[in-house]
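The figures that follow rest on heavy atoms only: side chains count, while hydrogens, waters and symmetry mates do not. Numbers restart at 1 for each chain; the letters A, B, ... are given by sequence-line order, proteins then strands.
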Protein chains: 2
Amino acid sequence: MNIGIASRASGVSSKMIRYYEATGLIPKAGRTGSGYRDYTDKDVHKLRFVRRARDLGFSVEQIGGLLRLWEDRTRASADVKRMALTHVEVLRERAQQLEEMASALIHLADHCAGDDRPDCPIIEELAAPGRGHVHHNHHHHGLDGPKRARS
Amino acid sequence: MNIGIASRASGVSSKMIRYYEATGLIPKAGRTGSGYRDYTDKDVHKLRFVRRARDLGFSVEQIGGLLRLWEDRTRASADVKRMALTHVEVLRERAQQLEEMASALIHLADHCAGDDRPDCPIIEELAAPGRGHVHHNHHHHGLDGPKRARS
DNA sequence: ATAATGTTTCCCATCATGGGAAGGTCAAGG
DNA sequence: CCTTGACCTTCCCATGATGGGAAACATTAT
């Protein structure tokens, strides 16, 4: 089966299939006499596995771990569960950071008239926090270091 | 004021200050006779503005817009508010996507014994969705195209 | 004078993904 | 048999925000 068919069957773009192969996530595909990559149903199955894990927010590196677990028939289900739950925590943390940003912005926007006058507490707060018109009881949650959250 | 001082005063790394200058987000800094960048308190003020907007999850490109709004004394506060609220929606969408991934994973993990036996519904579901031991009432929310959500 | 610290520019790496070029292959239809 | 079009190959480049590090120069402190 050519890469295009495997791509459509798995939902992984041809580009990404080649990338996964190049980075060692999946083994090198077989080749036809003329050099085309040749995929089996089993390969497609694995690609779909990768695809779904990506949809669940796992990094390619993590998926490498998941594939190893998948193929290791002797691993304990606890190993998989631990990995899943650790990832859940990371996802929830990132979601919460985004929510906090959204709340902070909503809070600012609540105090902005949103009319055609120029006075805007949102901008004022960005320019000089704590000196503007916005009452804020919320505290800043540790985004202060040079290393900052990826939005 | 040298770049290091401006960096510590604004919370923006020297690297990023140069990057913001190179990409045109902030104007080119003045230079001393020997070629060192030279910053004023006003420059630091602007850098802090950028820093806080980044903390609120705005992209550098969006911050360009915010800076223009900041410096335009005639703009309507509605313009700022609209931008803020649009961004809030994007943030909330991303947060929700992460939450959905987390829920899906939790759902799988709930059905995994997490002991030393190898049977694991999490892996099984990744390998062959809908054919495993997991009852799922949840539906898939349109992450099916080749273009996928950034985790 | 020398050592230490700061700054400059330049190149490279990240992570997952896509775009596009230049060239080879294959199948269908003339 | 030959053309056409769809497909495949590899290679390079770009994204966005950030950091690492080298080589060279400047400033400051000992």
N/O (side chain, B/S13) to phosphate O (OP1/OP2, D/dT18) under 4.0 Å: no
Charged N-O contact under 4.0 Å between B/D79 and B/R82: yes
Residue met sooner reading DNA chain C from 5', once A/M16 and A/T32 are mapped to nucleotides: A/M16
Contact under 4.0 Å: A/S34 side-chain N or O vs C/dC26 OP1/OP2: yes
Donor-acceptor pair under 3.5 Å, B/Y36 side chain vs C/dT7 base: no
Under 4.0 angstrom between B/N2 side-chain N/O and C/dT7 OP1 or OP2: yes
Any B/Y20 side-chain nitrogen or oxygen under 4.0 Å from OP1 or OP2 of D/dT18: yes
Closest-nucleotide ordering on DNA chain D, the 5'-leading residue of A/K15 and B/S59: A/K15
Side-chain N or O of A/R37 closer than 4.0 Å to phosphate OP1/OP2 of D/dC8: no
Mutual orientation of the aromatic rings belonging to A/F49 and A/W70 [parallel < 30°, tilted 30-60°, perpendicular > 60°]: parallel
N/O (side chain, B/R31) to phosphate O (OP1/OP2, D/dA26) under 4.0 Å: no
Phosphate OP1/OP2 of C/dT17 contacted by A/R54 side-chain N/O (<4.0 Å): yes
